Amino acid sequence: MKIGYLFAGLALAALAAVCLFPSVGDGVHHLATAYSHPATMAMGMMGASFRGVSLARADAGDANKILNELKTTFEQFKAAHEEELKGIKKNFADVVTTEKVEKINAQITDLTKALDAVNVALAAAKVGGGGSGALDPAKAEHAQAFEKFFRKGADAGLRDLEVKAKLTTQSDPDGGYLVPEETSATIDRVLGLISVMRQLATVMPVGTSTYKKIVSMGGAGAGWVGEEDTRPETGTPTLRELSFNTMELYANPATTQTMLDDGIIDIAAWLSDEVQIAFAEQEGSAFIAGNGVKRPRGLLAYDTVANGSWSWGKLGYVVSGAAADFATPSTTVSAVDAFIDLYYALKAGYRGNASWLMSDAVMAKVRKFKDGDGAYIWAPPTDSAAVATILGKPVFNDDNMPGVGADAFPVAFGDFRRGYLIVDRMGVRVLRDPFTNKPYVHFYTTKRVGGGVSNFEAIKLMKIASS
């Protein structure tokens, strides 16, 4: 997954930099050329079946080409899988057929990633294309001063300019300087496009180290009365306070003073390129499995309980039907049963905006599952801007989710926008260090991020277990 993050992030960084900083176009051209094929960006290599989509010039036509090939490949997959199933029923498992199915299945995964990659590139172009308006004079002055600090280490007056540009209300905060607003926005936007959880969850910008949210647990009393009956006092709702702390996420890129002295290099684009991949990898892992100590608390770090015994503060789960895998199909049992159980374990009020979350490896398994009518529960996107679905609901892939194994939770289903909250402390801060590792100049770059479950009934999990 880190390779996937790396390729996707580099291409996005190049595209975002071109959109926000036109002068850096020549400097990042080699990135767009090196990763000009969508599947190369997503997986490193997809095979010879699809070629020629340039990320730097990605458009809806590219996405449509990939979508059409994805649909065709899925039909080939279904035909090959049917042939494999016939052989299994006859107690004759054809190794060649099985390998063919797995190869096509892997190609579907690559094509799906390629389609996502092109759509991400298109989204990056859209969010990056709105920077043509005039920059606020105070922010422009701060950006110019920051560039001098970045290149030469001259920081005279930069702290006061931060306040003047309304980047902070503190005239003497702890170490380092805030990067210009445009650079911070570039990092945040690209993180939002790369990170799956940032796409699904609610992201809340905050100005303090802690964000507190009050949640009503219900319990407000009500009743029926006649026209002249007395109105007795009713119960009051139960309220819970949730607290989300922001933790420091850092990267420490280095360069040479010679590069900094080169006025052709766009320092804002360079810094964004260097830190956003590291930030995305660390965030992605923490939002799923972080323990809440010096990092966000991940989705799978909370206590779990069988959904029939669910209570607030825990995430409910349903079981897969087998001790170490999905249930083995028989005349009475299907692996799909667990997905249907998970679907309906979520209250109807959350199902409208619900989606599935699992790793690529798990989805490769799920893609083979069929319902009682013989229809595959996985379906390719209906159009180039959409995503694949399971039981009619969008499915997103995050390889930070665990694989299938005893007692693992490889599948989540829910309304993540209502169920998980990411808090971003506004501003990215840089501390320039030319002394620690001469002749290199390090830029200790930090941002503060927190996260955790904000609604425990909005997300449900599948546990690999028989009961």
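Just so it is clear, the model here is predicted, and its values are computed rather than measured.
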**Request:** Measure the acute angle between the ring planes of Tyr211 and Phe244, then classify it against the limits of 30° and 60° as parallel, tilted or perpendicular.
**Result:** tilted
Just how far is it from atom [atom1] of [X] to atom [atom2] of [Y], taken to the nearest 0.5 Å?
X: Leu357; Y: Asp398; atom1: CG; atom2: CG; value: 5.5 Å
X: Leu342; Y: Ser320; atom1: CG; atom2: OG; value: 11.0 Å
X: Leu421; Y: Thr202; atom1: CG; atom2: OG1; value: 6.5 Å
X: Ile464; Y: Asp407; atom1: CD1; atom2: CG; value: 9.5 Å
X: Tyr343; Y: Trp356; atom1: OH; atom2: CH2; value: 8.5 Å
X: Met363; Y: Asp399; atom1: CE; atom2: CG; value: 10.0 Å

**Request:** Output, in order, the C-alpha distance, side-chain angles, deciding distance and verdict of side-chain contact (heavy atoms from CB on, under 4.5 Å) for Val206 and Met204.
**Result:** CA-CA 6 Å; Val206 297; Met204 176 72 68; 3.8 Å; yes
**Prompt:** Has the side chain of Ser334 got a donor or acceptor atom that lies under 3.5 Å from a matching backbone atom of Pro329?
**Reply:** no
**Asked** Is the backbone N or O of Ala201 less than 3.5 Å from a side-chain atom of Arg417, with the two atoms forming a donor-acceptor pair by type?
**Response** yes
**Request:** Could you please spell out the steps behind the side-chain contact (heavy atoms from CB on, under 4.5 Å) verdict for Phe287 and Leu299?
**Result:** CA-CA 6 Å; Phe287 293 151; Leu299 179 67; over 6 Å; no
**Prompt:** Is a salt bridge present between Asp424 and Arg198, judged by a nitrogen-to-oxygen distance below 4.0 Å?
**Reply:** yes
**Message:** Strictly below 4.0 Å, N to O, side chains only: are Asp325 and Lys365 in salt-bridge contact?
**Reply:** yes
**Message:** Ring centroids only, cut at 6.0 angstrom: are Phe369 and Tyr376 within range, meaning strictly under it?
**Reply:** no
**Prompt:** What about Phe413 and Phe339, are their ring centers closer than 6.0 Å?
**Reply:** no
**Message:** Walk me through whether Arg418 and Glu457 qualify under salt bridge (Lys or Arg N to Asp or Glu O under 4.0 Å).
**Reply:** CA-CA 9 Å; Arg418 296 172 67 180; Glu457 62 177 7; over 6 Å; no
**Request:** Might you work through the side-chain contact (heavy atoms from CB on, under 4.5 Å) test for Tyr344 and Arg351, ending with a clear yes or no?
**Result:** CA-CA 8 Å; Tyr344 287 104; Arg351 289 201 297 266; 3.8 Å; yes
What heavy-atom pair brings [X] and [Y] nearest, and what distance separates the two atoms?
X: Phe326; Y: Ala335; value: CB-CB, 4.0 Å
X: Ala465; Y: Val319; value: O-CB, 3.3 Å
X: Met401; Y: Phe409; value: CE-O, 3.8 Å

**Request:** Could you tell me whether the side chains of Arg425 and Thr208 share a donor-acceptor contact shorter than 3.5 Å?
**Result:** no
**Asked** Is it true that the side chains of Asn245 and Thr210 contain a donor and an acceptor less than 3.5 Å apart?
**Response** yes
**Item:** Lys212: side chain to side chain donor-acceptor pair (under 3.5 Å) partners, not counting sequence neighbours
**Value:** none
**Asked** So which of Asn400, Ile422, Val449 actually passes side-chain contact (heavy atoms from CB on, under 4.5 Å) with Glu283?
**Response** Val449
**Message:** With ring-ring contact (aromatic ring centres under 6.0 Å, His included) as the rule and sequence neighbours excluded, what pairs involving residues 447-467 come up?
**Reply:** Tyr302-Phe456, Trp312-Phe456
**Message:** Walk me through whether Lys393 and Ser355 qualify under side-chain contact (heavy atoms from CB on, under 4.5 Å).
**Reply:** CA-CA 6 Å; Lys393 292 298 181 182; Ser355 54; 5.7 Å; no
